[in-house]
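Below is one structure; the comments refer to it alone.
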2 protein chains.
Amino acid sequence: MKKHAAIGEAARITGVKAPTIRYYEQIGLLPPPPRTDANRRHYSTNDLRRLSFIRHARELGFEVEAIRTLLTLQDAPDQPCKEADAIARARLAEVEHRIARLTALKVELSHMIACDGHGGIRQCRVIESLADESHDHGRLD
Amino acid sequence: MKKHAAIGEAARITGVKAPTIRYYEQIGLLPPPPRTDANRRHYSTNDLRRLSFIRHARELGFEVEAIRTLLTLQDAPDQPCKEADAIARARLAEVEHRIARLTALKVELSHMIACDGHGGIRQCRVIESLADESHDHGRLD
DNA sequence: GCTTGCTCCTCTAGCGACTAGAGGATGTAG
DNA sequence: CTACATCCTCTAGTCGCTAGAGGAGCAAGC
């Protein structure tokens with residue numbers, strides 16, 4: 001990984017698009033980097049790590065506010081464990097909830113794919129299984 | 001399930017909020033229902049099933065356009081279900097990918113919680129694991 | 001030096017899929 | 001007959017980007 005990168009290179013390295021990087025700066029997720037004489041952003045290795053972190057967390061479905069919390073932890077590594085622990089536990093609960101929900105959805109999707117292509121949509125279980133009233137009506141979020 | 005329902009009752013039955021039901025009508029996902037003398041929407045059992053279908057599909061992560069396709073297939077039941085099946089398969093792949101990712105994160109979060117009481121967050125691997133370059137950089141969407 | 005073409009800058013506007021609120025009409029219970 | 005819930009339409013806001021306009025700067029070839 002290089003020591004300094006312009007925004008385009010940072011985008012290439014981290015997989016976060018340049019406009020999104022600027023957006024993250026705007027909303028305060030990424031600190032404003034130093035600029036060159038020509039007013040161009042210059043990212044350090046640390047910035048790139050932070051960006052990679054944000055990207056992976058976003059891919060996992062964490063909201064920006066949750067990521068902000070995790071980054072705050074990262075920025076203050078000597079914080080008392082009590083607080084860190086509480087935040088981690090909250091995130092873990094969220095992750096477990098997501099896994100449970102996704103696992104249920106996976107089962108449903110697997111059943112839906114049992115359609116074998118004989119005789120058209122009437123025998124296709126994709127639609128049937130989604131319209132099925134026997135599915136729970138409880139809140140999931 | 002009752003034969004006719006006002007929008008509030010439809011919301012209660014299907015779990016889709018009233019403004020969202022109107023929104024679905026607006027974007028053409030739900031056909032405009034008949035109105036009473038006082039201009040109030042009146043939903044049939046069939047509308048409620050369609051709404052339940054939409055809700056389930058949204059919860060499964062289907063985009064509105066994908067749902068529109070599924071509903072079109074449903075409305076023309078003699079079409080082959082290859083398309084619907086393909087959509088479901090794509091969803092299943094994504095769901096499995098997310099489960100795998102979240103499971104990995106869950107392990108790291110568990111470790112983080114397990115490390116409490118010994119010198120703070122520095123020993124925790126959550127942030128490290130999310131910033132880890134060894135994670136793939138390929139497109140996910 | 002000069003031109004070509006890429007990258008970068010800021011700014012505003014748009015997207016999907018809702019959600020919230022204003023302001024007003026109607027339906028129902030005591 | 002008066003509350004109060006429910007409904008109506010409408011506009012505007014939310015989140016997390018994404019696209020485009022319009023302009024400046026840099027590196028490389030001639």
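Note on naming: letters A, B, ... go to the chains in the order of the sequence lines (proteins, then strands), and numbering restarts at 1 for each one. Worth knowing before you read on, the calculation uses all heavy atoms, side chains too, and leaves out hydrogens, waters and symmetry mates.
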Sub-4.5 Å side-chain heavy-atom contact between A:Tyr24 and A:Arg58: yes
Spacing of B:Glu59 atom CD relative to C:dC18 atom P, expressed in whole Å: 11 Å
Side chains of A:Ile13 and A:Ser52 in contact at under 4.5 Å (non-hydrogen atoms): no
Sugar-phosphate, base or nothing in reach of A:Arg41, heavy atoms under 4.0 Å: sugar-phosphate
First encountered from the 5' end of DNA chain C, between B:Pro19 and A:Gly8: A:Gly8
Terminal contacting nucleotides, 5' and 3', DNA chain D versus chain B (heavy atom, 4.0 Å): D:dT6 to D:dT9
Position toward the 5' end of DNA chain D (nearest nucleotide), A:Ile27 or B:Ala18: B:Ala18
Between B:Arg49 and B:Asn46, a side-chain donor and acceptor under 3.5 Å: yes
Close side-chain approach of A:Leu29 and A:Ile54, heavy atoms under 4.5 Å: yes
Any B:Thr20 side-chain N or O less than 4.0 Å from OP1/OP2 of C:dT19: yes
Distance, rounded to the nearest Å, where A:Arg12 contributes CZ and C:dC6 contributes P: 13 Å
Pair listing, side chain to side chain donor-acceptor pair (under 3.5 Å) test, anchored in residues 30-42 of chain A, at least two apart: A:Glu25-A:Arg41, A:Arg35-A:Asn39
B:Ala11 versus B:Ala18, closest heavy-atom pair with distance: CB-N, 3.8 Å
Value in whole Å for how far the P atom of C:dT12 lies from CZ of A:Arg22: 15 Å
d(OH, B:Tyr23; P, C:dC15) in whole Å: 11 Å
Neighbours of DNA chain D within residues 29-40 of chain B, by heavy-atom distance under 4.0 Å: B:Arg35, B:Asn39, B:Arg40
Distance in angstrom units between B:Glu25 CD and C:dC18 P, rounded: 15 Å
Closest heavy-atom pair and its distance - A:Val16, A:Leu51: CG2-O, 3.9 Å
Side chain to side chain, B:Leu92 and B:Glu96, heavy atoms closer than 4.5 Å: yes
Min side-chain heavy-atom separation B:Tyr43-B:Glu9 under 4.5 Å: no
